[in-house]
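Only this structure's heavy atoms are used, side chains among them; waters, hydrogens and symmetry mates stay out. Note that this is a predicted model, so its numbers are computed, not measured. Quick note on labels: first sequence line is chain A, next is B, and so on, each numbered from 1.
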Amino acid sequence: MAKAFFIDTSLCMACRGCQVACKQWHDLPAEETTNRGSYQNPPDLSFDTYKVVRMTEVVEGGRLRWLFFPEQCRHCLEAPCLEAAGDPGAIYRDDATGAIIYTAETRQLDADAIIEACPYNVPRKAPDGTLAKCDFCIDRVHNGLEPACVKTCPAGAMHFGDRDFILAMAGKRLAEVKKNYPEAGLIDADEVSVIYLVLYAPARYYQNAMAGLRRPAAMTRKVALQRMVSPLRRMMNALGG
Amino acid sequence: MTNHWIDIQNSDCILIMGSNAAENHPVSFRYVTEAQRRGATLISVDPRFTRTSSRADIYAPIRSGTDIAFLGGLIKYILDNKRYHKTYVANYTNAAFIVNKNFGFKDGLFAGYDPKKRAYDKSKWAFETDSRGVPKTDRSLKHGRCVFQLLKKHYKRYDLKTVSKITGTPEDLLKKIYAVYSATGRPDKAATIMYAMGWTQHTTGVQNIRAMAMIQLLLGNMGVAGGGVNALRGESNVQGSTDHCLLWHIWPGYLKTPRASNDSLKAYNRKWTPVSKDPLSANWWQNYPKYSVSLLKSFFGAKATAANQFGYHWLPKVDDGKAYSWLDLFDAMYVGKIKGLFAWGQNPACSGANAGKNRKAMANLDWMVNVNIFDNETGSFWKGPGMDPSFIKTEVFMLPAAVSVEKEGSITNSGRWMQWRYQGPRPLGDSRPDGDIIMALGERLKKVYARGGVFPGPILNLKWDYLTDGRYDPHKVAREINGYFLRDVTVKGKVFKKGTLVPSFAYLQADGSTSSGNWLYCNSYTEKGNMAARRSTKDAANGIGLYPQFAWCWPVNRRIIYNRASVDLQGKPWNPKRWVIRFDGKAQNGKYVSKKWVGDVPDGGWYPMQNPDGSMRKDSRYPFIMRKHGHGQIFGPGRADGPFPEHYEPLESPVKKNPLNKQLTNPTAAVYHRDIDRFASGDARFPIVCTTYRVTEHWQTGLMTRTQPWLMELQPQVFVEMSPQLAKSLGIENGQRVKVASVRGALEATAVVTRRFQPFRVAGKTIHQVGLPWHFGWRWPESGSEESANLLTPSAGDPNTRIPETKAFMVNIEKI
Amino acid sequence: MRVNRRQFLQLGGAAAIGVSVCRLGFDLKPVKAHAQMLKTKYAKETSTICCYCAVGCGAIVHTSRAGDGRVMNVEGDPDHVINRGNLCSKGAAIKQLAENEKRLTRPLYRAPYSKQWKEVSWDWALETIAKRVKATRDATFAHRNGKGQVVNRTTAIASVGSAALDNEECWIYQALMRALGLVYIEHQARI
């Protein structure tokens with residue numbers, strides 16, 4: 001059974017335990033940052049930062065809201081990055097969980113094309129071109145542990161489990177919050193393994209909260225090209241599906 | 001906390017005011033969330049919209065330093081709308097007590113004020129007593145001088161309009177909050193308060209908390225599940241270090257530090273042991289001598305004998321009427337009266353109010369011992385900003401301590417849970433656990449005094465046998481703290497062997513036959529083992545999340561204190577669904593004939609106040625057993641600044657008139673008068689209200705977080721938050737560096753321009769407020785650009801606690 | 001001490017993953033082998049209580065049994081009834097508190113009017129501190145106050161700290177300070 005995350009942003013309080021737990025488990029170095037007039041830091045995802053809690057102040061219904069969105073790779077069910085890569089030695093799907101995994105071999109890929117292919121603008125490259133992003137804590141998950149971010153979340157905002165279970169949980173929670181927040185929704189729930197619940201239109205949170213907000217989710221020309229030269233990739237999809 | 005973290009889940013209404021739990025105690029939100037899921041309302045009252053506010057059902061802004069006005073309005077609302085829990089108030093609180101005729105309140109002053117001493121003669125606030133000396137009561141609450149009627153009279157002035165004018169909180173929000181909160185006056189509902197330094201760090205700090213305690217008593221919210229008065233303590237063991245009394249005025253277990261006038265142990269015990277003539281008052285502190293003598297036996301072991309008053313005079317005495325608190329300490333150091341300082345795991349160069357004064361004071365020391373895990377602004381004060389080492393004679397010894405995961409021992413959380421932790425890695429490099437350093441220092445001192453010295457008795461006779469194989473052994477100390485039978489003793493018909501551990505403080509003795517380093521912890525390490533190390537996840541019969549066999553809590557593992565107030569006079573829970581304790585004894589012919597309580601450890605196991613037939617029992621006790629008269633104190637005649645909380649402005653305030661009374665500021669506030677203790681109230685140079693706070697990503701002066709790259713990545717710099725309106729008027733852009741200055745000092749900070757701060761309308765005027773975190777200091781980050789917000793804060797304090805007023809003061813902001 | 005780590009998930013199919021891919025000529029074994037090894041597998045596990053705020057969250061410390069014997073990982077203790085495995089950003093960063101190059105690892109001494117620290121031995125430091133304490137105490141000790149009352153104290157030595165100490169350390173610390181005759185004893189709870 002594939003696994004999924006449910007991230008309930010209505011409960012997130014931006015303690016950022018997830019951000020640090022992610023760095024801690026993965027032994028990722030800290031970035032040098034400055035305060036740019038916001039609590040949010042680092043300003044963006046990076047090769048060394050797989051998870052960033054985005055923070056936005058908005059006025060909704062005459063009420064000030066401070067919106068928090070713990071951003072990470074969505075582990076798409078049909079992952080454009082994987083398709084763009086066409087090289088399972090560099091980017092592959094772990095079929096037991098649905099995790100999309102990047103290896104050190106990504107340095108052989110056209111990094112910009114992979115980044116461009118991502119509808120959520122998630123992957124980031126190192127100076128040598130190696131790509132990195134959330135790895136689903138695949139080592140933990142295969143050993144019966146929750147992903148580090150999910151485990152640490154004190155707000156009850158993050159959940160992990162079998163996809164069916166998570167979808168049911170997300171649906172139930174959505175029905176609950178809909179009573180007070182009619183605009184609430186689950187972002188791209190049918191297409192991703194990391195399902196966010198938002199109270200307001202996704203664009204209120206940040207520009208890439210939902211696929212297609214930044215630009216059409218359609219594949220770039222490069223991706224199309226890559227698919228043509230990658231018959232093995234297609235076969236794999238057919239077999240793996 | 002009277003209750004504990006998990007218990008927050010049982011609440012119907014959670015008020016977070018004077019704290020910012022989502023940011024500073026994030027894991028508490030597990031339980032806030034659980035309560036909300038059950039339908040509880042979360043209210044956030046804060047000068048600024050915080051991460052806590054982001055999760056709240058209701059958010060209301062309040063100008064810093066006006067909490068008593070806000071809470072006074074709530075008291076008035078509860079009384080006007082009869083939302084109080086009448087049976088509880090009449091029987092369990094001192095609302096029915098009659099106050100003597102001399103009591104009064106006029107022009108902001110209670111009876112008995114002496115302007116020269118800036119203090120009250122508290123005898124003017126005494127209760128009227130009968131011939132036995134028991135306070136007179138009118139349980140119908142109608143007597144004109146009963147506490148309940150005086151309370152009504154006192155808070156009559158706190159109407160919505162006046163409160164709004166002071167606090168800047170809009171009237172409609174006040175009304176909404178008052179209505180929701182006071183709805184928990186129903187017997188089966190509970191509200192809780194989560195507060196922290198946002199309430200204590202004021203010249204009216206104690207009265208802020210008193211006001212809330214009174215509200216909780218009026219609504220019957222004390223002792224019940226989901227209720228209580230809950231101080232969210234900020235350090236992992238600040239509860240334990242307070243219990244063990246690293247404080248000038250108290251000895252372990254909240255015993256008093258002897259005054260010079262307590263010229264013998266007998267005089268000391270007589271002075272501090274309260275006497276109640278009321279047979280229904282447990283007056284628990286009547287056991288005082290058992291605890292003080294047992295403590296002396298732990299200090300001096302066999303050397304403490306009846307003949308030498310158990311070593312009473314080996315311990316120092318303080319002068320009557322003089323304070324030796326933090327502010328006094330640094331004041332004395334500033335004028336050169338203190339020559340040596342131990343700064344052990346603390347960083348006063350950044351943590352103290354008016355930190356510039358502390359830093360200058362340190363240059364007067366002959367020597368300093370600084371024990372820490374990192375170099376800090378205190379140990380390195382001599383090379384700090386504005387210091388010239390070539391003029392500073394102070395010798396500094398900086399000793400490297402182990403971090404918590406490198407050693408073994410216990411700490412006590414905010415919910416009074418004592419929890420054991422274990423050693424992971426060995427101490428890094430040549431660092432050592434604090435326990436080893438303290439033991440080694442003690443041994444050296446004993447050695448040098450063995451060769452002679454002034455008054456060597458206490459040093460040479462100090463019991464100091466806590467090593468095993470040459471190393472500090474926390475188990476040995478934990479057992480000493482619990483206490484031993486020092487000879488074969490028979491107590492309450494039970495025989496206890498010499499050398500065995502005392503099962504609980506009920507067995508301690510005043511004759512030297514028992515020892516206990518801290519009576520409150522007697523029961524924590526017994527013949528059954530180390531209670532703090534327990535790990536059972538089984539809940540108690542009431543299923544409210546007490547987990548009685550997980551760790552251990554004081555007193556005697558009672559998870560919710562004052563829990564006998566959670567039942568009615570016949571011992572039945574006010575709330576049968578979320579009950580804490582329940583009387584389960586047998587009844588015959590309308591009378592209870594056997595004693596049994598179930599649930600939490602009851603606050604004393606006496607029979608309930610009443611039999612099932614409604615007759616009162618003579619063998620019961622009032623529920624508030626630590627109070628002399630056994631009642632919760634709506635009237636608090638022991639406080640320095642009055643028996644009822646009254647609104648006074650902070651010492652530095654933007655307003656020139658107090659709409660509620662003729663006193664602008666607390667007439668008893670602790671104020672200091674050196675050249676460096678400057679204040680600027682109503683001063684056009686400093687027109688902006690300022691407060692300080694913490695953020696999730698840092699901790700205290702930041703020494704244990706500024707040194708961590710992962711946390712610095714999240715919050716790299718000092719910032720000052722301000723409204724867009726204020727920023728615009730000052731021409732400040734978001735993210736720009738600015739200078740924040742008070743009359744005492746200044747620092748640079750990054751402007752965070754945010755709608756989360758809004759200007760206040762106070763008495764028809766627009767008043768701006770800003771705030772900044774106090775986690776920084778010049779040593780880390782190494783750029784030296786980030787300084788302590790305590791360079792700004794005033795060295796003035798609450799008259800009861802002398803906690804400095806670091807939460808409300810006046811500043812100016814300039815572009816750089 | 002035994003710590004029960006709650007197994008959160010059951011993944012049955014892990015062994016079968018690679019098959020379809022290998023059939024196509026890609027060998028993902030090295031990648032997958034890496035993915036399936038838990039870095040804490042052979043570490044020593046101890047339980048601790050977080051050293052920051054006073055919620056009292058439990059955490060599990062994984063210490064390397066090999067090599068330097070240092071902390072590899074710290075994460076929330078799932079069997080702790082308060083935090084059930086959760087930790088905030090500070091708690092999640094405890095490893096970096098222990099494994100930190102800025103830590104003090106040797107006693108340091110700053111002489112009068114000096115501009116620098118000097119590394120010293122524990123023996124020398126403790127011996128010298130004891131001498132300084134004695135000198136100040138003996139020079140300032142008051143048996144009686146101005147009113148002639150017995151006070152047996154020194155007001156020339158002060159102590160601040162420490163909520164950072166364990167309970168047992170607090171107790172012996174206050175005992176030593178009080179035995180020396182200090183009355184200026186204060187700490188974090190006051191401020």
**Item:** Side chains of C:E75 and A:T152 in contact at under 4.5 Å (non-hydrogen atoms)
**Value:** no
**Request:** Calculate, to the nearest 0.5 Å, the distance between atoms SG and CG belonging to A:C15 and C:N86 respectively.
**Result:** 8.5 Å
**Prompt:** Considering residues, nucleotides and ligands other than A:F47, do more than 12 of their heavy atoms fall under 6.0 Å from its CZ?
**Reply:** yes
**Prompt:** Residue by residue, which of residues 89-117 of chain C have a heavy atom closer than 4.5 Å to a heavy atom belonging to chain A?
**Reply:** C:S89, C:A92, C:A93, C:K95
**Item:** Side chains of A:L145 and C:L38 in contact at under 4.5 Å (non-hydrogen atoms)
**Value:** yes
**Prompt:** Between A:A21, A:C153, A:A155, which has the largest tally of heavy atom pairs under 4.5 Å with chain C?
**Reply:** A:C153
**Request:** State whether the number of non-hydrogen atoms from other residues, nucleotides or ligands found under 6.0 Å of A:Q108 atom CD is greater than 12.
**Result:** yes
**Message:** Does any backbone or side-chain atom of A:Q19 lie under 4.5 Å from a heavy atom of chain C? Answer side chain, backbone, both or neither.
**Reply:** neither
**Which portion of C:N73 sits near chain A, non-hydrogen atoms under 4.5 angstrom** = both
**Request:** Using a 4.5 Å cut-off on heavy atoms from C-beta on, say whether the side chain of A:D139 contacts that of C:K39.
**Result:** no
**Asked** Is there a donor-acceptor contact under 3.5 Å from the side chain of A:K151 to the main chain of C:G76?
**Response** yes
**Members of residues 123-161 of chain C whose heavy atoms come closer than 4.5 Å to chain A** = none
